[in-house]
There are 2 protein chains.
Amino acid sequence: MTDQGSTLLAFFKAMADESRLRIVGFLAVRERSVQELAELLALKEPTVSHHLAVLRGIGLVSARPDGTTRWHALNPKVLRQMNRELLDNKSVVAFAKSEVDPESRVLSGFLDSDGRLKSIPVSRRKLVVVLKWLVAQFEENRRYRESEVNETIQRRHWDSARLRRELIGHRMMSRNRGVYWRTPQAEWREVDSLGRY
Amino acid sequence: MTDQGSTLLAFFKAMADESRLRIVGFLAVRERSVQELAELLALKEPTVSHHLAVLRGIGLVSARPDGTTRWHALNPKVLRQMNRELLDNKSVVAFAKSEVDPESRVLSGFLDSDGRLKSIPVSRRKLVVVLKWLVAQFEENRRYRESEVNETIQRRHWDSARLRRELIGHRMMSRNRGVYWRTPQAEWREVDSLGRY
DNA sequence: TATCTACTTAGATAGATATCTATGGAGAGA
DNA sequence: TCTCTCCATAGATATCTATCTAAGTAGATA
């Protein structure tokens, strides 16, 4: 899967920084606040915040609010998963071939050099490919206001209303009282090879 | 060791690039020349040369001269080795012991995906493993009120009273007039391989 | 309500690096 | 020796990003 490949790349990018590696080491012992980490690493709080955001982005770290402080903890599951992918070079091979992946070829046809969507596919099958890419722009386990959803989409295409509806329609995103979030992939609508339900 | 850490960091840095990940993928299938890779990746030869130098730098790739061409191949041993280091490195990725260390395999069987304790082991040996993990949630050289102890434990399991008693019983924590602290590890109760005193 | 604390976000900057073009070097064959 | 091929190195450039300061937000407390 292309998704595996990009997950792998995101994982390596996240770990390819000394400060973040050290943060992971500290979190391995017990959960920590931003302040504690800033002290331990001799960095300013915003810098630590930035690194933690990266680590949360790959799901390796989770945050637990407690008053005004946020306790950050490691999610060892992700680590184990990544180890399995590393040992099994199938996923690495798959990554190399990702350009050959039909989905990626479809997608690259609809993106311009800035990574923006040139047009919305008419074909349902291709639309699903594009929507998969679009929903990946949103963080998992995060709640968005509608305005945030629109802004995120508009960084990729002007017609945020249309694309927002499509994401909801394909159940790639969920909505309740004006709050939006990414639907876990297992709950997406089933589509066949032609993009039909 | 710092050296292990920097090796690990170098490894992640080397893998944290899309082109290099794809090169590794292609080399996983069979050895390739610089020209072939340049063609496959749609990059110029010097760029590929640069990436191969990085991969050779961490020992992941080796080159075999043959006339004017150099055949580059993957060294799968290194990939496995890196995995082991990733799991072994105490200073940077201590948590990764969880795969190698028998204790951590026991532990992972009792933890759910949120890092909470699913149940309290009946086996004494396994209980000790779980208690070691639990006591690591507390800071060293810090004094806790009983309510704090309970809260900390309850983030991991509902039965804080039972687990608090076990920690005290195994002398992993000490108590005096309602104040608790972590016992230095040297003063824990001796246990044999079956978890008996 | 006002203030303090812990954190996040925005914006700027400096350093790293992925990629390119141009050039150099070494083996193979005439 | 001359030339061709394949690759490496040097240097330039543009993009990325780790870090900082300044400002904003939200919970806790008085």
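Reminder, nothing fancy here: chain letters follow the sequence lines and each chain counts from 1.
Look at B:Arg70 and you'll find a side-chain N or O under 4.0 angstrom from OP1 or OP2 of D:dA8.
At least one donor-acceptor pair under 3.5 Å links the side chain of B:Arg182 to the backbone N or O of B:Phe138. Side chain of B:Glu36 to backbone of B:Ser33: a donor-acceptor contact under 3.5 angstrom is found. Although no hydrogens or angles enter the test, the distance criterion places a donor-acceptor pair under 3.5 Å between the side chain of B:Thr152 and the main chain of B:Glu148. Side-chain atoms of A:Thr183 come within 3.5 Å of backbone atoms of A:Arg171 as a donor-acceptor pair (strictly under, hydrogens ignored). Not a single donor-acceptor pair under 3.5 Å links the side chain of A:His170 to the backbone N or O of A:Met172. Here the side chain of B:Asp17 pairs a donor or acceptor atom with the backbone of B:Arg20 at under 3.5 angstrom.
Ionic pairing of B:Glu166 and B:Arg162 is present here: one or more N-O contacts between side-chain nitrogen and carboxylate oxygen are shorter than 4.0 angstrom.
Computed from coordinates, the A:Leu52 CG to D:dT17 P distance equals 18 Å when rounded to whole Å. Rounded to a whole Å, the CG atom of A:Leu37 is 15 Å from the C1' atom of C:dT8. Atom CD in A:Glu18 sits about 18 Å away from atom P in D:dT17, given to the nearest Å.
Within a 6.0 Å radius of CD in B:Gln154, other residues, nucleotides and ligands contribute more than 12 heavy atoms.
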Nucleotide N/O of nucleotides 25-30 of chain D paired with protein N/O under 3.5 Å:
none

Indicate for each nucleotide in nucleotides 13-24 of chain C, in 5' to 3' sequence, whether protein heavy atoms under 4.0 Å reach the base (B), only the sugar-phosphate (S), or nothing (-).
-----SBBBB--
